[in-house]
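Everything on this sheet refers to the single structure shown next.
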Amino acid sequence: MDKILIQGNSVLNGIIPISGAKNATLPLMIASLLTHESLILENIPRLADVFVLQSILSNHGVDYHVMDNQTDGSNLTGRRVKFCAAKIVNTIAPYELVRKMRASFWVIGPLLARMGVATVSLPGGCAIGTRPIDLFVESLNALGAKIDIDSGYIVAKAPKGLQGSYYCFPKVSVGATHVMMMAASLANGETIIENAAREPEISDLAECLNKMGAKITGIGTSKLIIKGVSSLHGTTHTVLPDRIETGTFAACVAMTGGDIFLKNARSSLLKQVLDVLATSGTCIQEDSDGLRISRTDSIIQPILVKTGPFPGFPTDLQAQFMALATRADGVSHIKETIFENRFMHVQELTRLGANISVNGQTARVIGVNNLSGAPVMATDLRASMSLVIAGLGASGETEVHRVYHLDRGFELLEEKLSAIGANIRRVRTST
Ligand code: EPZ
């Protein structure tokens with residue numbers, strides 16, 4: 001398995017282009033199941049999760065064609081890909097495919113809405129928590145679907161089509177909001193979703209669905225109103241910039257010091273994160289086509305983080321900011337409120353010399369003067385990145401193992417970090 005080697009303590013300076021958001025790309029790709037016409041998505045990042053989803057969608061009959069790699073001086077760095085589900089050939093999403101990536105469970109919405117039936121394997125738990133599916137079941141039930149569980153599969157049926165209705169999520173869920181929004185777009189009549197997730201990736205999907213002929217209002221709020229239509233058509237849509245990648249690189253420079261420009265980054269996608277960064281002593285300057293992040297002061301101030309649904313602090317940046325806090329001049333507190341087991345990085349950060357204690361959902365991080373490089377093991381995507389950030393701020397060499405986690409969600413990571421002066425390289429091994 002590949003590993004990443006980092007020699008710490010290089011100051012970072014330069015420009016990083018921010019990629020299209022992974023968590024917007026995945027539901028947008030799944031939305032291609034809703035129409036027999038072509039959906040062209042621009043700015044798609046080259047990520048393992050995207051490639052896995054391509055093969056999952058192929059199983060349902062989605063043809064995809066890479067139109068070009070947008071590295072030609074255009075503002076975008078990703079790929080332009082055409083997805084076409086002219087004919088759905090299979091309404092079953094098997095365990096072997098769904099287990100590879102939880103978001104593939106979301107095909108249940110479009111398959112059910114377009115075909116009147118979907119048989120999708122239960123996704124199972126994962127490293128960051130139990131991640132149940134009750135909200136998907138309840139919200140699809142509200143649209144009139146009959147749902148059974150059989151041998152590890154959810155069997156959802158709506159032979160006469162889905163029926164628009166009212167549903168208030170008892171808890172905010174990104175995935176269940178994506179699914180209900182896609183399903184309700186093809187339902188008969190009007191659907192009102194309350195306590196919908198407001199993540200920018202939800203708005204990106206809603207805007208794309210509207211371009212495909214859906215009638216969704218309330219975009220960006222917790223109340224979505226969807227007037228069902230009988231069919232959707234093709235369109236072209238550009239994936240929004242990745243706010244988690246933006247916050248991650250910002251945390252890198254906050255850790256090492258330096259001055260970087262995050263091209264395409266948008267401050268409106270991560271206001272709370274930028275507020276926390278500012279309290280750490282990092283400067284943020286907004287420009288028309290990106291964000292400039294710099295830290296010249298030698299001291300990192302302690303931070304206070306509490307994760308929450310958007311517009312709160314994203315759980316997907318919690319691990320990276322904990323890495324930053326390990327070198328702060330004082331005590332930081334980090335509270336995780338979304339997932340019950342998202343502190344797996346704590347133990348590994350401790351191997352580098354961090355001083356962290358966890359009490360329930362809160363981590364207390366006492367900043368130390370020095371971290372020292374060591375071999376560490378990535379446990380999930382964002383946790384892996386916290387180890388890279390800690391490695392950048394450590395003396396000596398840090399060796400990050402199980403980097404396949406990183407490949408799921410950070411496009412061209414070593415290339416981007418090397419380009420701004422980090423001493424980082426991948427060692428490829430065949431086993
Ligand atoms: C999305 O996951 C993201 N994934 C996650 O990013 C992100 O961490 C998460 O939202 C929270 O922001 C993608 O967009 C592909 P949820 P999702 O449903 O949709 C509970 C990353 O690193 N819940 O909003 O699966 C659940 O257990 C990933 O890129 C139920 O109780 O998250 C959690 O506590 C990892 N019942 C909370 O809701 C349900 O039926 C929020 O989860 C569904 C969820």
Side-chain angles (χ1 to χ4, degrees), residues 19-31 45 47-50 52-53 56 98 100-109 120 122-142 147 149 154 156 167 169-182 193 195-205 222 239-240 242-248 269-270 272-273 306-320 336-342 344-345 361 378-386 405-411:
S19 299
K22 166 182 87 77
N23 288 348
T25 302
L26 301 178
L28 285 165
M29 287 170 66
I30 289 172
L47 295 171
D49 273 8
V50 169
V52 168
L53 185 58
I56 288 169
V98 176
K100 291 188 183 164
M101 190 180 58
R102 182 177 163 89
S104 56
F105 179 77
W106 301 350
V107 298
I108 194 168
V120 181
L122 289 162
C126 77
I128 60 177
T130 51
R131 305 183 82 182
I133 50 127
D134 53 324
L135 301 175
F136 293 85
V137 172
E138 275 181 21
S139 54
L140 292 175
N141 263 331
I147 295 184
I149 297 185
I154 293 270
Y167 183 72
F169 279 101
K171 178 176 187 177
V172 177
S173 164
V174 172
T177 303
H178 278 312
V179 165
M180 190 170 186
M181 194 164 65
M182 286 192 271
I193 307 178
N195 203 21
R198 287 184 282 161
E199 269 63 9
E201 295 76 21
I202 301 273
S203 303
D204 207 35
L205 175 64
S222 57
V239 178
L240 92 171
D242 196 317
R243 65 194 165 104
I244 305 303
E245 191 196 26
T246 303
T248 299
L269 303 178
L270 69 170
Q272 274 218 14
V273 174
K306 182 180 174 197
T307 65
F310 191 84
F313 190 99
T315 172
D316 292 347
L317 282 170
Q318 178 257 105
Q320 296 90 315
E336 172 60 52
T337 72
I338 306 285
F339 292 110
E340 78 270 25
N341 188 24
R342 215 175 190 184
M344 306 271 282
H345 40 284
Q361 296 296 92
T379 49
D380 72 64
L381 167 58
R382 310 304 177 183
S384 323
M385 198 56 218
S386 79
H405 288 296
L406 283 170
D407 297 334
R408 292 187 45 210
F410 289 98
E411 186 180 34

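One-based numbering along the sequence shown. As the structure lists them, so they are numbered: ligands from 1, and atoms in each ligand from 1.
- Only the side chain of Lys22 comes within contact range of ligand 1, with a heavy atom under 4.0 Å; no backbone atom does.
- Not a single heavy atom of Ala176 lies less than 4.0 angstrom from ligand 1.
- Closest non-hydrogen pair, Asp316 versus Asn23, comes out as OD2-ND2, 3.5 Å.
- Proximity of Thr315 to ligand 1, defined as any heavy-atom pair under 4.0 Å, is confined to the side chain (atoms from C-beta onward).
- In this structure, Met385 falls outside the shell of residues with a heavy atom less than 4.0 angstrom from ligand 1.
- When heavy-atom distances to ligand 1 are checked against a 4.0 Å cut-off, Arg342 comes that close only through its side chain, counted from C-beta outward.
- Under 4.0 angstrom from ligand 1, there are no non-hydrogen atoms of Asp380.
- In terms of heavy atoms, Leu240 sits closest to Ala24 at CD2-CB, 3.3 Å.
- Contact between Leu270 and Arg243 at its shortest, heavy atoms only, is CD1-O, 3.5 Å.
- What you find for Ser139 and Met180 is that their closest heavy atoms are CB-SD, 3.4 Å.
- For a threshold of 3.5 Å applied to N or O pairs, the pair formed by Phe339 and ligand 1 contains no separation below that value.
- The heavy atom nearest to atom 39 (C) of ligand 1, out of those in Pro132, Ala24, Gly312, is found in Pro132.
- We find that Asp49 and Arg102 are not joined by a salt bridge, their nearest charged nitrogen and carboxylate oxygen being 4.0 Å or further apart.
- A heavy-atom separation below 4.0 Å is found between Trp106 and ligand 1.
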